[in-house]
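Below, each value reflects all heavy atoms present in this structure, side chains not excepted, and no hydrogens, waters or symmetry copies. Order of appearance sets the numbers: ligands from 1, and atoms from 1 within every ligand.
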Amino acid sequence: EKGLYPHYMLKEIDEQPAVMRTLIQEYVTPTGESTIPVEIVSEMAESDRIYVVGCGTSWHAGLVGKKMLEELTQIPVEVHLASEMGYDMPILSKKPFFIFLTQSGETADSRQVLVKINEMKLPSLTITNVKGSTLSREATHTLLLHAGPEIAVASTKAYTSQISVMLFLAKALGEKLGQEKAKGLDIVHELGIVAAAMESLVDDKDHYSELSQSFLNETRNAFYIGRGLDYAVSLEGALKLKEISYIQAEGFAAGELKHGTIALIEKGTPVVALISNKEMGSHTRGNIKEVESRGAKSLVIALEGLEKETDAIVLPHVHELVTPLVTVIPLQLLAYYASLQRDLDVDKPRNLAKSVTVE
Ligand code: F6R
């Protein structure tokens with residue numbers, strides 16, 4: 001029930017801080033122990049490579065998960081598009097472990113891969129919001145997103161929940177493997193900070209409504225740029241905008257634009273830039289200058305401590321591994337208001353379905 005909300009998407013964006021707090025309760029005991037079943041962690045600890053599989057927004061969450069898993073476990077991670085992997089299987093490592101990211105648990109493209117993996121008798125984990133869903137039943141293990149029902153076609157809280165569950169998993173696995181970084185990470189503390197940061201952002205909706213009006217009004221296209229985790233979130237921000245506002249948007253690795261796509265920049269082209277990492281951010285600043293000198297108008301979203309006076313949005317500071325959980329919030333809100341201001345059907349965009357059960 002969307003209650004007083006005009007749309008499910010807005011309600012689901014608003015629910016994200018609460019989902020963070022629910023996940024802390026579900027995945028950590030009051031004494032600070034992980035609740036992730038030992039069978040999952042032990043099986044993963046045996047693996048020499050983790051393969052993360054998903055589509056769309058779930059694939060984007062996988063790109064973030066790769067960074068967290070590699071950082072905290074030192075096991076190499078590959079992220080694959082299910083629709084490609086199903087028919088074009090890469091050479092697998094000796095001891096692969098598969099993670100299926102699927103909010104619905106019913107995505108046909110992802111299931112294709114799982115069916116193949118099962119034929120090869122390889123271990124797998126489905127991370128899903130739907131208990132008893134097909135991919136949950138058919139995988140070796142399941143972890144739940146605990147995000148509550150997500151009704152809007154454009155995924156918001158399932159994305160941030162997927163990232164968080166992968167963080168809990170990465171920490172538990174890293175600890176099992178004796179990794180100091182994993183031991184040193186206080187997830188409850190860091191996600192508590194994230195929840196508060198998310199709250200302050202969703203409480204500031206008028207700002208995003210105005211920014212969308214001034215920045216995205218009348219445009220037919222937009223670019224999102226960033227490096228590292230900011231690149232992964234740029235892809236997600238662009239997808240959100242495309243899906244519900246029908247503005248053609250692309251997410252780019254900030255340094256890659258100049259290798260071709262910068263030809264599309266003209267006077268007034270909107271470029272959203274994410275800066276959440278000090279070192280990479282200074283390079284992204286250089287890329288912002290490049291597009292601005294070709295006429296683009298930029299909207300910079302920077303983490304507190306890395307901001308400049310002209311930046312449109314300054315986000316509360318959070319731990320470097322969890323920045324996607326806050327950088328994505330302004331992008332969700334911008335997409336929401338761009339759709340609303342164009343009088344479109346926010347929750348049910350054309351040509352799309354909530355769960356994609358055809359290949
Ligand atoms: C976009 C979106 C889709 C899904 C994709 C996979 O907002 O929701 O890109 O992420 O169709 O769906 P699941 O996660 O259910 O496998």
Side-chain angles (χ1 to χ4, degrees), residues 7-13 15-16 19 51-65 79-86 98-115 117 124-139 142-166 224 232-247 249-251 324 328-329 331-336 338-339 344-359:
H7 299 99
Y8 283 107
M9 184 180 178
L10 196 61
K11 173 172 181 272
E12 291 159 6
I13 289 173
E15 283 170 349
Q16 291 174 108
V19 173
Y51 294 80
V52 179
V53 185
C55 310
T57 288
S58 293
W59 181 69
H60 295 157
L63 299 175
V64 175
V79 189
H80 289 271
L81 289 167
S83 57
E84 286 292 307
M85 198 182 207
F98 284 79
I99 297 178
F100 290 87
L101 287 178
T102 170
Q103 169 270 319
S104 64
E106 301 296 341
T107 302
D109 287 319
S110 302
R111 181 163 183 258
Q112 277 292 327
V113 182
L114 178 55
V115 167
I117 295 317
S124 58
L125 161 68
T126 289
I127 300 180
T128 181
N129 206 24
V130 183
K131 206 175 174 173
S133 55
T134 307
L135 273 100
S136 165
R137 283 186 275 111
E138 296 181 358
T142 297
L143 290 175
L144 292 175
L145 294 177
H146 299 290
E150 192 180 65
I151 310 291
V153 164
S155 178
T156 53
K157 61 179 180 171
Y159 170 82
T160 43
S161 175
Q162 281 173 331
I163 290 172
S164 310
V165 171
M166 282 187 287
Y224 288 68
V233 177
S234 296
L235 294 173
E236 173 60 7
L239 179 61
K240 285 292 89 98
L241 191 70
K242 279 186 273 203
E243 280 185 290
I244 59 172
S245 76
Y246 313 148
I247 296 170
E250 292 303 328
V328 78
I329 308 286
L331 307 187
Q332 294 171 344
L333 286 166
L334 283 174
Y336 173 77
S339 175
L344 299 171
D345 191 345
V346 176
D347 285 338
K348 279 194 190 322
R350 69 187 179 204
N351 308 344
L352 292 170
K354 185 68 186 161
S355 83
V356 186
T357 51
V358 291
E359 268 182 69

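- A donor-acceptor pair shorter than 3.5 Å cannot be found between the side chains of T156 and Q332.
- Here is the list of ligand 1 atoms found below 4.0 Å of a heavy atom in C55: 5 (C), 6 (C), 10 (O).
- Between T107 and ligand 1, a contact under 3.5 Å exists for at least one N or O pair.
- Residue contact annotation: K240 has a non-hydrogen atom under 4.0 Å from ligand 1.
- At a heavy-atom cutoff of 4.0 Å, ligand 1 is contacted by the side chain of E243 but not by its backbone.
- Close approach of ligand 1 to G56 (heavy-atom distance below 4.0 Å) involves ligand atoms 9 (O).
- The S58 neighbourhood of ligand 1 comprises atoms 10 (O), 13 (P), 14 (O), with distances under 4.0 Å to a heavy atom of that residue.
- Close approach to A154 involves these atoms of ligand 1, each under 4.0 Å from a residue heavy atom: 7 (O).
- For T142, the side chain to side chain contact (heavy atoms under 4.5 Å, CB included) test picks out T128, S136, L144, with sequence neighbours left out.
- The protein heavy atom nearest to atom 11 (O) of ligand 1 is V356 CG2, 4.0 Å.
- Residue Q162 has no N or O atom closer than 3.5 Å to an N or O atom of ligand 1.
- Below 30°, between 30° and 60°, or above 60°: for H7 and Y336 the angle between ring planes is above 60°, a perpendicular geometry.
- Listed by number with element, the atoms of ligand 1 under 4.0 Å from a non-hydrogen atom of V153 are 7 (O), 8 (O).
- K11 is not listed as a side-chain neighbour of I151, based on a closest heavy-atom distance of 4.5 Å or more.
- For residues 147-157, every residue pair satisfying the salt bridge (charged side-chain N to carboxylate O under 4.0 Å, His left out) rule, not counting sequence neighbours, is listed here: E15-K157, E150-K354.
- When each atom of ligand 1 is checked for a heavy atom of S155 under 4.0 Å away, the hits are 7 (O), 8 (O).
- With a 4.0 Å cut-off on non-hydrogen atoms, T57 touches ligand 1 through its backbone as well as its side chain.
- At distances below 3.5 Å, at least one donor-acceptor pair connects side-chain atoms of Q16 with backbone N or O atoms of I13.
- Interatomic distance, K240 NZ to S155 OG, rounded to the nearest 0.5 Å: 5.0 Å.
- A 4.5 Å side-chain heavy-atom check between R111 and E106 finds every atom pair outside the cut-off.
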